Structures are given as C-alpha cells and as structure tokens.
Amino acid sequence: MRQILLTMLVAAALLGPSASVRAQDERATEATPAPTPTPAPTPIPAAEIPDRAAMVVSLLRDAIASTDVAEGVQRITREFETEQEHLADLTEETMRRIEAGGPASIIEEAQNAWQRSGGRLDSWMNALKAHSTTIADEKKALDEERQLWELTLASADEIELPEALRQQLLDTVSSIADAEARVRANRDAVLTLQSAVAREKAAVEEMIAAQRDEIDRRRRGIIGLDSPPIWAVFRATGIEGAPSEQVASMWSQSAESIRTYVVERSDRILRQALFLMALLVAVLFLRRRAALWTQQDRSLQRTVDILDRPLAAAFIITVLSSEVFYPDAPRAWLDFVGLFLLLALLRLLPRMLPQSMRSGAYLLALLYFLHKIMDLAPEGNLVNRLALFAVSVTGAASCRWFYERLRGLGENISDSWAAAIVLGARVAVAAFSIAAIANVVGAVGLSIVIVEGVLSSIYAAILVWVAAVFLRALV
C-alpha cells in the first residue's frame with residue numbers, strides 16, 4: 001500500500017507541471033482573437049452610382065496632383081546629370097592623386113569632395129523615396145477603386161441597370177484606367193531615376209572606401225620618403241603644368257568650390273550670419289559699459305581694447321563656432337572665412353600686444369598667407385612644395401624673433417607663463433626646422449604633419465587668448 005501511494009505521488013509531481021503548462025497554452029490560445037476576415041467587395045448600389053461617380057472625379061484629380069512629380073524629377077535629373085559630370089572629373093582627379101604618390105593629405109581633400117557628393121546623392125535618394133511611397137499608395141487606392149467599379153459593371157445585368165448608368169460605369173472605369181496609366185508613368189520615371197542615383201551612390205561609397213584604405217596605408221609610412229626631393233620637382237612641370245598655370249588652376253578651382261558650397265549650404269551661412277549679428281549687438285551693448293571698467297580694474301584694459309573693435313571681436317567668436325555651422329565645408333571655403341579672420345585679428349592684436357611685439361601680428365599675417373597658398377595648391381606639386389618650405393623657414397624665423405622679444409619683456413610676464421611660452425617657442429623653432437629639411441629631401445607627409453600641427457597650435461593659442469580676454473567682459 002505504501003509503495004502504491006509513493007508511486008501516485010511521483011506521477012502527480014511529474015505530470016502536474018506539464019498539465020499546468022498545457023492549460024496555460026490552451027487559455028492563451030483561447031484568449032488570442034482570430035483575425036477578422038476582410039469582407040469581399042460588393043457592387044455599388046444603383047442609387048449611389050451617380051454620387052460615387054462624382055466623388056471619383058475628385059479622387060482622380062487629387063491622385064494625379066499628388067503623384068505629378070514631373071517638375072521635381074526634372075530638377076533632380078538636371079542636377080544629377082551635372083553631378084555625374086562632376087563625379088567623372090573627380091574620379092579622374094582622384095585616380096591621378098592616388099597614382100602620383102605623396103602624403104596622405106593629397107587624397108584627403110578629394111575624399112571630402114566625394115563625401116559631399118555622397119550627401120547630395122543621399123538627399124536625392126530620400127526625395128525620390130518619398131515620391132515612390134506616395135505614388136505607390138495612390139496606385140493601390142486607384143487599383144482598389146477600379147476593381148470596385150469593374151465589379152459593379154459586371155453585375156449590371158443582374159441588377160438591371162438603365163443604359164445611362166451603364167454608360168456612367170464605363171466612363172468611370174475608363175477614367176480610372178487613364179489615371180492609373182499616368183500614375184504608373186510617374187512611378188516608372190521616379191524608379192528609373194532612383195535606380196540610377198542608387199548605382200551612382202554605390203560607386204561613390206566604393207571610391208570613398210578605396211581612398212580611406214589608401215590614406216591609412218600612406219599614414220602608416222609617414223616617416224619615409226613619399227615624394228621626390230624638392231630640386232627634382234624644379235626640373236619637371238608635372239601634370240599640373242608650369243607654376244603660373246598651377247596658381248591659375250588653383251584659384252579657379254577654389255572659386256568654383258566656394259561658389260558651389262554657398263549655393264548648397266546657404267541655410268548654414270544664413271544661420272551663422274544671424275549668429276554674428278546677435279553677437280555684434282551684445283558686443284555693442286558691452287562697449288557702452290566698458291568706459292567705467294578700467295577705472296575700477298586696470299587689468300581689463302585689453303578687454304576694453306577688444307570691445308573698441310566690436311565687429312572684429314564678434315567675428316572672431318563667430319569663427320570659433322564654425323565647426324557647428326560648417327562640419328563638411330571644403331577647404332577653400334574655410335580658407336575664405338580664415339582670410340576675414342586674419343583681418344579681424346590684425347585689427348585687434350596691435351592694440352593687445354606690447355609695443356615691442358606688435359610686428360608679430362604682421363608676421364602672423366605672412367605665415368597665414370603662405371599657409372593658405374600651401375593649402376590651396378594641389379599637394380605635392382611645385383607651388384605646394386615651395387609654399388611648404390617658405391612656411392617652415394618663415395615659421396622658424398618668426399618663432400625665433402618671438403623668443404627674443406619675450407626675453408626682452410623680462411618682468412612683465414609672470415614666471416610660470418614665461419617658462420611655458422619660451423618652451424613653446426623653442427619647440428616651434430625646432431619643429432619648423434625639421435619640417436623644412438623633411439620637405440627638401442622628400443618626406444612631404446612628415447613635413448605637412450609637423451607644419452599643420454604647429455600652425456594649428458599657434459592659431460588656436462591666439463584665438464583662445466583673444467576669446468578669453470573678450471569673455472572677461474561677460475564674467
């Protein structure tokens with residue numbers, strides 16, 4: 001008896017959970033409602049045919065209007081054809097740069113141009129996708145409407161419709177078919193263009209990936225010789241032609257790049273212009289109060305000097321936010337903005353520097369001018385190599401001059417700041433000297449990295465100093 005009871009308890013323990021799970025599954029199955037079947041379409045009642053026919057006229061008019069994308073498709077087609085020509089030229093230029101060798105930076109500007117082209121293709125793809133979705137929805141609605149009217153026409157004998165209503169049914173079905181044909185033609189035009197843009201986009205992505213791989217490969221070998229020695233460049237005009245031809249081509253390409261960017265990014269430029277105007281108003285407001293500041297604190301004299309040049313001060317602060325407004329701007333546009341930045345600095349720095357160092361503002365202008373020639377010229381050619389050498393030599397001489405002037409100031413600079421500035425000037429002299437030698441022997445990639453790094457540090461230090469002095473007015 002005890003064994004029988006034990007066997008029954010074990011069986012209950014084993015079967016109990018499975019029975020519970022089975023019961024839960026059955027309850028879940030019972031709780032899930034069955035899908036409601038879609039009712040089959042029925043013919044339109046005879047009394048409603050005249051009113052429904054009038055509604056169909058309005059429906060067709062709206063469907064044709066909403067799917068009439070001819071103007072938008074024509075605009076995208078024109079722009080796409082222009083873009084294809086641009087991409088053909090860009091492909092030729094990119095392949096020439098890859099085959100020519102040289103530092104990685106030779107390819108980076110071309111890669112930025114490819115990315116901007118990819119952005120334009122993406123915007124067209126999104127617009128065409130929206131058109132395709134709208135047309136597909138309208139086509140589906142028209143197809144359902146046509147089937148309903150064809151069903152009603154097929155049942156005309158059963159419900160004994162008069163001849164007038166039969167003719168109205170025929171006319172309505174014909175009108176719907178005509179509208180469907182127009183919608184189908186619009187869809188075909190959109191899908192054809194969308195397919196062409198998608199193929200071009202795939203080619204652009206492939207080219208960007210190839211450039212990225214080439215840039216990574218060249219960066220890994222940055223210490224080595226990547227170009228011929230500078231004296232060898234003098235003996236050949238190269239692909240770009242003689243120096244005068246290179247300069248003319250450089251400025252022509254830069255002007256075209258700036259014009260294209262202004263057209264494509266006019267909204268960003270407008271936002272930064274509004275930001276500049278708002279900041280200018282704030283500076284003018286602070287300027288009215290500045291006269292009293294120096295009477296209370298003589299250390300604010302430099303801030304007052306900045307506020308005496310409100311447009312220059314506002315412009316410098318605005319340029320510091322350029323990355324917010326121009327995250328994908330071409331180098332030519334940034335150089336164009338940088339030219340006005342230089343003019344703004346030349347308005348402020350002579351008033352902020354000690355008398356013995358005011359010539360430094362004009363040395364900065366000379367460095368910037370040479371740097372921009374180096375930037376705008378195709379990298380690795382004669383103009384670029386000469387500008388790079390001039391920047392290196394001028395930079396070393398300027399930093400040496402700055403170092404000597406700092407020693408002359410003596411007690412006018414605190415010990416901690418003096419030590420940091422003197423160290424920075426010595427490092428800059430050494431770096432510029434190394435860059436000049438590297439450029440001469442053919443290590444152009446190394447030379448560019450050093451020059452760009454040192455100049456960026458100098459520009460950033462000056463801008464941050466000016467901005468910090470200006471922001472004291474807000475504290």
Side-chain angles (χ1 to χ4, degrees), residues 22-80 121-199 201-202:
R22 192 163 51 250
Q24 291 177 1
D25 291 342
E26 291 176 356
R27 286 196 299 271
T29 303
E30 294 173 357
T32 303
T36 304
T38 303
T42 57
I44 302 172
E48 298 180 8
I49 289 176
D51 291 338
R52 289 290 296 270
M55 293 173 59
V56 167
V57 173
S58 177
L59 173 68
L60 298 182
R61 184 171 57 251
D62 293 341
I64 292 174
S66 64
T67 59
D68 185 10
V69 294
E71 183 178 352
V73 169
Q74 290 174 2
R75 177 185 59 80
I76 294 177
T77 300
R78 290 193 302 270
E79 295 177 354
F80 178 59
L121 293 173
D122 281 335
S123 66
W124 295 331
M125 284 288 292
N126 293 335
L128 292 171
K129 182 179 179 181
H131 290 327
S132 298
T133 302
T134 300
I135 292 174
D137 293 341
E138 293 292 346
K139 186 177 181 301
K140 180 180 179 182
L142 289 177
D143 186 60
E144 294 174 351
E145 191 69 21
R146 177 179 52 77
Q147 292 177 7
L148 177 61
W149 283 90
E150 287 177 346
L151 177 63
T152 304
L153 181 61
S155 64
D157 291 334
E158 297 180 9
I159 56 180
E160 300 179 349
L161 289 178
E163 188 62 28
L165 289 184
R166 290 172 184 265
Q167 187 60 44
Q168 193 169 29
L169 288 173
L170 289 171
D171 293 342
T172 302
V173 170
S174 177
S175 298
I176 295 175
D178 292 342
E180 282 187 304
R182 295 181 61 177
V183 170
R184 194 179 304 112
N186 290 335
R187 181 202 62 179
D188 293 346
V190 170
L191 292 178
T192 300
L193 181 57
Q194 188 175 3
S195 176
V197 174
R199 287 195 302 271
K201 173 63 176 176

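Predicted model only: the values in this text are computed from it and were never measured.
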Distance-only donor-acceptor pairs under 3.5 Å for side chains of residues 182-190, two or more places apart:
residue : atom : partner : partner atom : Å
N186    : ND2  : T67     : O            : 2.9
N186    : ND2  : R182    : O            : 3.4

Between CG on residue L165 and CD1 on residue I44, distance to nearest 0.5 Å: 11.0 Å
L148/R52 under side chain to side chain contact (heavy atoms under 4.5 Å, CB included): CA gap, chis, key distance, verdict: CA-CA 11 Å; L148 177 61; R52 289 290 296 270; 3.2 Å; yes
Value rounded to 0.5 Å, distance of CD1 in I76 from CG in L193: 6.0 Å
Lys/Arg N to Asp/Glu carboxylate O, D143 vs R146, below 4.0 Å: yes
V197: which of T192, L121, D122, T77 passes side-chain contact (heavy atoms from CB on, under 4.5 Å): L121
Steps toward side chain to side chain contact (heavy atoms under 4.5 Å, CB included) verdict (S175, V56): CA-CA 9 Å; S175 298; V56 167; 5.7 Å; no
Distance in Å, D171 CG paired with R166 CZ, rounded so as to fall on 0.5 Å steps: 14.0 Å
Heavy-atom pair of closest approach, residues A63 and E138: CB-OE1, 3.5 Å
Shortest non-hydrogen separation from P50 to A47 and the atoms involved: CD-O, 3.8 Å
Set of residues satisfying side-chain hydrogen bond (donor to acceptor under 3.5 Å, both in side chains) with respect to S195, sequence neighbours excluded: R199
Residue pair R61 / S58, side-chain heavy-atom distance below 4.5 Å: yes
CG-CG distance between D178 and L142, expressed to the nearest 0.5 angstrom: 11.5 Å
L128/F80 under side chain to side chain contact (heavy atoms under 4.5 Å, CB included): CA gap, chis, key distance, verdict: CA-CA 12 Å; L128 292 171; F80 178 59; over 6 Å; no
Under 3.5 Å donor-acceptor, S155 side chain and T152 backbone: yes
CG on L151 to OG1 on T42, rounded to 0.5 Å: 7.5 Å
Backbone N/O of L170 and side chain of S174: donor-acceptor pair under 3.5 Å: no
Inter- and intrachain pairs under side chain to side chain donor-acceptor pair (under 3.5 Å), touching residues 124-134, at least two apart: E79-W124, S132-Q194
Spacing of CD1 belonging to I176 relative to CD belonging to Q147, to within rounding of 0.5 Å: 10.5 Å
